[in-house]
Amino acid sequence: MRLLVTGGCGFIGSNFLRYILRHFSTEMVSNVDALTYAGSLTNTEGLAGEYGDRYEFYKADIASADQIDALMSKHQFYAVINFAAESHVDRSISSPLNFVHTNIVGTQVLLEAARRHGVRRFVQVSTDEVYGSLGAEGGVFTEDSPLAPSSPYSASKTGADLLALSYFHTFGQEVVITRCTNNYGPWQHPEKLIPRMIICALRERRLPVYADGQNVRDWIHVEDHCAAINAALLNGKPGEVYNLGSRNEWKNLDLVHLILDHLGKSRDLIEFVPDRPGHDLRYAIDPAKAENDLKWKTLFPFEQAIRDTIDWYVANRAWWEPLESADRPAT
């Protein structure tokens, strides 16, 4: 079985490639990535050498119909797993057109190419941010929660999800959508909250935290997420949405405290900065449907896995130092 993974040089995509190639000895994977700021060949370094012709890479823009058509003409793919996305909320506020191009136009190009080339399954990797914001206490998003995106990023992902479902209803394309909470783990770009705070602490820089740091996120280890996507690929019902989470809510400020304490750094390094426009207060989702229907559950205990993640960044400065961007708040 050959899979087409888009955005495989990004954080979640590269972890998914490793997960599939390591756990399934007969799978063959083609990775397509435009290698923008968030995608790097260093994230997939060694895969070709370790797995030979089971892995191949193509540099292409998923919004280019000609490039995607040419790629799909090379192989008969069983499935497309679409990780490719512009994903940083702050960037979507300053440059929303890039998010429309990749997240909406790119998804439509992939869906149309999959339909024309007889690709059986299409897994759209989405986000819980399509649901908008919850109150500070109580309540969780389910797959039936209304879509209420708050940023250009989440609006573009909402549009992509609806496009994907339209191809199921209109053309009979087997589409499965996964919506996940915040991920953490190795190879996450330094602009994201956890690596951003780790790197600032290691450099003895101020740690910029939005507002009062009371925003709440549910955190899931990236490999648990990858296992869930694979379960959705194999066992998901076409036309269905599956929420993926770990029931592991943390206030941003408490998470920053954990990082500083683990590194032995002073909490005085924290600097509260003005909140960003439209900042969602809280995300929390109910993963019961995925747990029951996909026979999936999380395996990484947060208290240990977050410390392992911090230690990974300490040990891999050569990876993140070239990617580090100008000092600014992170989501």
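Here the structure is a predicted model, which is why all the values come from computation and not from measurement. Positions are given from 1, in the same order as the sequence printed here.
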Chemist: What residues, two or more places apart in sequence or in another chain, satisfy salt bridge (Lys or Arg N to Asp or Glu O under 4.0 Å) together with D69?
Modeler: R116

Chemist: Less than 4.5 Å apart, side chain to side chain, heavy atoms only: is that true for W320 and L202?
Modeler: yes

Chemist: Can you list everything that forms a side-chain hydrogen bond (donor to acceptor under 3.5 Å, both in side chains) with T181? Sequence neighbours excluded, please.
Modeler: none

Chemist: Just wondering, do F99 and P152 contact through their side chains at under 4.5 Å, heavy atoms?
Modeler: no

Chemist: Residues in salt bridge (Lys or Arg N to Asp or Glu O under 4.0 Å) with E291, at least two apart?
Modeler: R247

Chemist: When you compare the side chain of L4 with that of Y58, does any pair of heavy atoms fall below 4.5 Å?
Modeler: no

Chemist: Quick one: does D128's side chain get under 4.5 Å of D218's, heavy atoms only?
Modeler: no

Chemist: Could I get the full list of salt bridge (Lys or Arg N to Asp or Glu O under 4.0 Å) partners for D212, not counting sequence neighbours?
Modeler: none

Chemist: L193 and I270: same hydrophobic cluster, using ILVMFWY side-chain contacts below 4.5 Å?
Modeler: yes

Chemist: Is it possible for you to say whether I20 and Y51 belong to one hydrophobic cluster, with membership spreading through side-chain heavy-atom contacts below 4.5 Å?
Modeler: yes

Chemist: Give the table of side-chain donor-acceptor pairs shorter than 3.5 Å for residues 38-50, with sequence neighbours excluded, one pair per line with atom names and distance.
Modeler:
unit_1 : atom_1 : unit_2 : atom_2 : d
S40    : OG     : T42    : N      : 3.1
S40    : OG     : T42    : OG1    : 2.7
T42    : OG1    : W319   : NE1    : 3.4
N43    : OD1    : W319   : NE1    : 2.8
N43    : ND2    : C9     : O      : 2.7
T44    : OG1    : L41    : O      : 3.2

Chemist: Tell me, please, which residues at least two apart from D161 pass salt bridge (Lys or Arg N to Asp or Glu O under 4.0 Å).
Modeler: R179

Chemist: Is it the case that the side chains of E86 and Y153 hold a donor-acceptor pair, with the cut-off being a distance below 3.5 Å and no angle test?
Modeler: no

Chemist: Quick check: do L3 and L233 have side-chain heavy atoms less than 4.5 Å from each other?
Modeler: yes

Chemist: State which residues pass side-chain hydrogen bond (donor to acceptor under 3.5 Å, both in side chains) with Y78; sequence neighbours excluded, sorted by chain then number.
Modeler: none

Chemist: Taking the side chain as every heavy atom from C-beta outward, state whether R2 and S30 have any pair of such atoms under 4.5 Å apart.
Modeler: yes

Chemist: In chain order, what residues pass the side-chain hydrogen bond (donor to acceptor under 3.5 Å, both in side chains) check against D293, with sequence neighbours excluded?
Modeler: none

Chemist: For H225, check side-chain hydrogen bond (donor to acceptor under 3.5 Å, both in side chains) against everything at least two apart and list the hits.
Modeler: N183

Chemist: Taking a hydrophobic cluster as the set of Ile, Leu, Val, Met, Phe, Trp and Tyr residues connected by side-chain heavy atoms closer than 4.5 Å, whether directly or through intermediates, do M28 and L21 fall within one such cluster?
Modeler: no

Chemist: Check each of D311, V314, I306 against H262 using the side chain to side chain contact (heavy atoms under 4.5 Å, CB included) test, and report the only one that passes.
Modeler: D311

Chemist: Hey, does I194 have a side-chain heavy atom less than 4.5 Å from the side chain of W219?
Modeler: yes

Chemist: When Ile, Leu, Val, Met, Phe, Trp and Tyr are grouped by side-chain heavy atoms lying under 4.5 Å apart, directly or through other members, which residues fall in the same group as L299?
Modeler: F300

Chemist: Counting N and O atoms only, with roles assigned by atom type, does the side chain of R196 sit under 3.5 Å from a partner on the main chain of P208, one being a donor and the other an acceptor?
Modeler: no

Chemist: Decide yes or no on side-chain contact (heavy atoms from CB on, under 4.5 Å) for D280 and R217, but give the supporting numbers first.
Modeler: CA-CA 10 Å; D280 291 335; R217 300 293 183 262; 4.1 Å; yes

Chemist: Looking only at the aromatic ring of each residue, does the gap between the centers of W250 and F302 stay below 6.0 angstrom?
Modeler: yes

Chemist: For H23, enumerate each residue passing the side chain to side chain contact (heavy atoms under 4.5 Å, CB included) test, keeping only those at least two apart in sequence or located in another chain.
Modeler: Y19, E223

Chemist: Using residues 104-115 as the side-chain source, report each donor-acceptor pair under 3.5 Å to any protein atom, sequence neighbours left out, with the distance given to one decimal.
Modeler:
unit_1 : atom_1 : unit_2 : atom_2 : d
T107   : OG1    : N82    : ND2    : 3.4
T107   : OG1    : N103   : O      : 2.7
Q108   : NE2    : Y167   : OH     : 3.0
E112   : OE1    : R115   : NE     : 3.3
E112   : OE1    : Y167   : OH     : 2.8
E112   : OE2    : R115   : NH2    : 2.7

Chemist: Under 4.5 Å between any side-chain heavy atoms of P190 and Y313, yes or no?
Modeler: no

